[in-house]
Every structure is written in structure tokens, then in C-alpha cells.
Amino acid sequence: SRLRLFQIDLLHYDSILAAIRGCHGVFHLASPCSVDRVNDPKRELLDPAIEGTINVLKAAKELGVGRVVVTSSISAIMPSPYWPADVVKTEQCWADEEYCKQNELWYPLSKTLAEKAAWEFSKENDLDVVVVNPGTVMGPMIPPTLNASMQMLLRLLQGSIQRFTACLFKFCKFC
């Protein structure tokens, strides 16, 4: 009975303000993800992820929100080809930005840059931010179309093993 839904655009600050006004905490879960080729990475993935995250954090700070939980991704940690294989990945391990650019791994780059921006904003503005880095997020579908995680699962179930085996383990340009 207390749930209220808002339609927001992460690149439109006022829509975020309206959605979180009166909240004590915010879960920032939104970030574009595509299993298909990305034609304009800046417009399709990078700007919405980075600017969207900053807009959420700015609004939270402006409205006095107590804590923001940012859902990042394992993609902000991997690919990290130069991290020693026998060393546990910690908060110091990030996806290699240059490697992502060279291999057109735009989603991992977007998650890495957005998470780094969140940590920087948190420190500079004394905002309580917590980040989680799940491998994938699945659950009941709310929108009428499949999201990227569900598209990947569906394609795996339909036999697209070769393409997605490469995606899951080598971070091909379709993830």
C-alpha cells in the first residue's frame, strides 16, 4: 500500500528528484545493458550509466537521503587481464578501461566508470554509498520486453552456447 512507482529518465535530474523525495534510502538499480552490438557507446551506455548515477547521487544528497545502494556489476571488476590469477579480487581490482575500449566492451566500461564516479561523489560529498557487484540479476519481468539478462538466458536456452560461452568467460563485445 505504500509502494509508489515513478517513471524517470536518469539523464533528467528533475524526474529523479520527484521519485526520491521523502525517501530515507535509495536503491539505484538502473543502467542500460545490451546483449547486441552497441553502435553509439557514449549515448547508449556510457552517458546513461555515469551521468545517471551522478544524478541519482546528487538528488539523494540534495534531499537528505541517508544511504544510497548502487547496483554495479561484476563487469566493473572483470575483465581485468593483468590482475594476477592467483590473487583474490578486492576493492582494488577494476575492469581494465583501456582493454575494454580496445575490445569494445562497452558495458563493463560503463559499469566501471559509473562505479568509480559513485565512489568519488560519495567521498567528495559525504554521502553514504554502498555498492554491490552481482554477476547477473534475474527475476520476474515487469516490462513487456525482455531485458538484457533475460535475453542472454533465453539465447542460451535456445542453443546459442558458442556465442554466450565467449561472452560469459571472455567478455566479447556483445555483453
Side-chain angles (χ1 to χ4, degrees), residues 1-36 38 40-78 89-91 94-95 106-158 160 164 167-168 174-175:
S1 65
R2 296 183 346 201
L3 177 66
R4 293 175 47 204
L5 300 177
F6 293 84
Q7 182 172 344
I8 68 166
D9 181 329
L10 291 173
L11 299 178
H12 291 102
Y13 185 73
D14 290 341
S15 70
I16 297 168
L17 280 173
I20 67 174
R21 184 168 278 113
C23 292
H24 298 285
V26 170
F27 289 87
H28 174 47
L29 309 170
S31 188
C33 179
S34 175
V35 295
D36 297 316
V38 176
D40 184 351
K42 182 172 172 27
R43 186 183 60 77
E44 293 175 47
L45 294 177
L46 299 174
D47 286 351
I50 300 160
E51 292 178 31
T53 297
I54 294 303
N55 282 341
V56 169
L57 298 177
K58 281 181 182 175
K61 180 68 179 176
E62 180 179 329
L63 296 172
V65 169
R67 171 174 279 176
V68 179
V69 178
V70 175
T71 301
S72 185
S73 171
I74 193 172
S75 294
I77 301 167
M78 300 180 350
K89 288 177 172 48
T90 67
E91 290 86 359
W94 293 96
W106 304 118
Y107 180 71
L109 182 61
S110 75
K111 295 307 284 186
T112 301
L113 296 176
E115 185 180 336
K116 284 182 175 182
W119 286 121
E120 184 177 328
F121 184 93
S122 169
K123 288 177 195 165
E124 290 175 357
N125 295 279
D126 194 32
L127 181 64
D128 185 6
V129 172
V130 177
V131 176
V132 293
N133 297 79
T136 191
V137 177
M138 294 188 187
M141 294 296 301
I142 295 172
T145 59
L146 293 179
N147 63 24
S149 296
M150 290 301 180
Q151 285 177 353
M152 184 167 30
L153 178 60
L154 178 62
R155 290 178 186 179
L156 282 167
L157 292 171
Q158 291 173 332
S160 297
F164 287 100
C167 285
L168 294 172
F174 297 103
C175 290

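All values derive from a computational prediction rather than experimental measurement.
In this structure, Leu57 and Asn125 have side chains that are not in contact, with every pair of non-hydrogen atoms separated by 4.5 Å or more. You'll find the side chain of Leu63 stays beyond 4.5 Å of the side chain of Cys23, heavy atoms only.
Considering every non-hydrogen atom in both Ile8 and Ala19, the closest pair reads CG2-CB, 3.6 Å. His24 and Val65 make their closest contact through O-CG1, 3.5 Å (heavy atoms, listed as atom of the first residue, atom of the second, distance). Contact between Gly66 and Asp128 at its shortest, heavy atoms only, is O-CB, 3.3 Å. Nearest approach of Thr112 to Ala76, heavy atoms of both residues: OG1-CA, 3.3 Å. Contact detail for Ile74 and Gly135: the closest heavy-atom pair is CG2-CA, 3.6 Å.
Shown are Asn133, Thr53, Val132; of these, the side chain to side chain contact (heavy atoms under 4.5 Å, CB included) with Ser72 is made only by Asn133.
At distances below 3.5 Å, not a single donor-acceptor pair connects side-chain atoms of Lys89 with backbone N or O atoms of Ile77. In this structure, Glu44 contributes its side chain and Asp40 its backbone to a donor-acceptor pair below 3.5 Å.
For the atom pair CH2 of Trp94 and CG of Leu109, the computed distance is 12.0 Å after rounding to the nearest 0.5 Å. One finds the OG1 atom of Thr71 at 10.5 Å from the CD atom of Glu115 (value rounded to the nearest 0.5 Å). Distance check, rounded to the nearest 0.5 Å: CG of Asp47 to CD1 of Ile54 gives 12.5 Å.
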Margin query: Working note: Arg67 + Val130, criterion side-chain contact (heavy atoms from CB on, under 4.5 Å); need CA distance, chi angles, decisive distance, verdict.
Written below: CA-CA 8 Å; Arg67 171 174 279 176; Val130 177; 3.5 Å; yes

Notebook entry, point to check: Which is it for Leu10 and Asn55 under the side-chain contact (heavy atoms from CB on, under 4.5 Å) test, yes or no, and what are the steps along the way?
Noted result: CA-CA 7 Å; Leu10 291 173; Asn55 282 341; 5.8 Å; no

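Contacts of Ala59 classified as side chain to side chain contact (heavy atoms under 4.5 Å, CB included), with partners at least two apart in sequence or in another chain: Tyr13, Ile16, Leu17, Ile20. With sequence neighbours excluded, the residues satisfying side chain to side chain contact (heavy atoms under 4.5 Å, CB included) with Ser73 are Ser75, Tyr107, Lys111.
With a 6.0 Å radius and a threshold of 12 heavy atoms from other residues, nucleotides or ligands, Lys58 has its NZ atom at or below the threshold.
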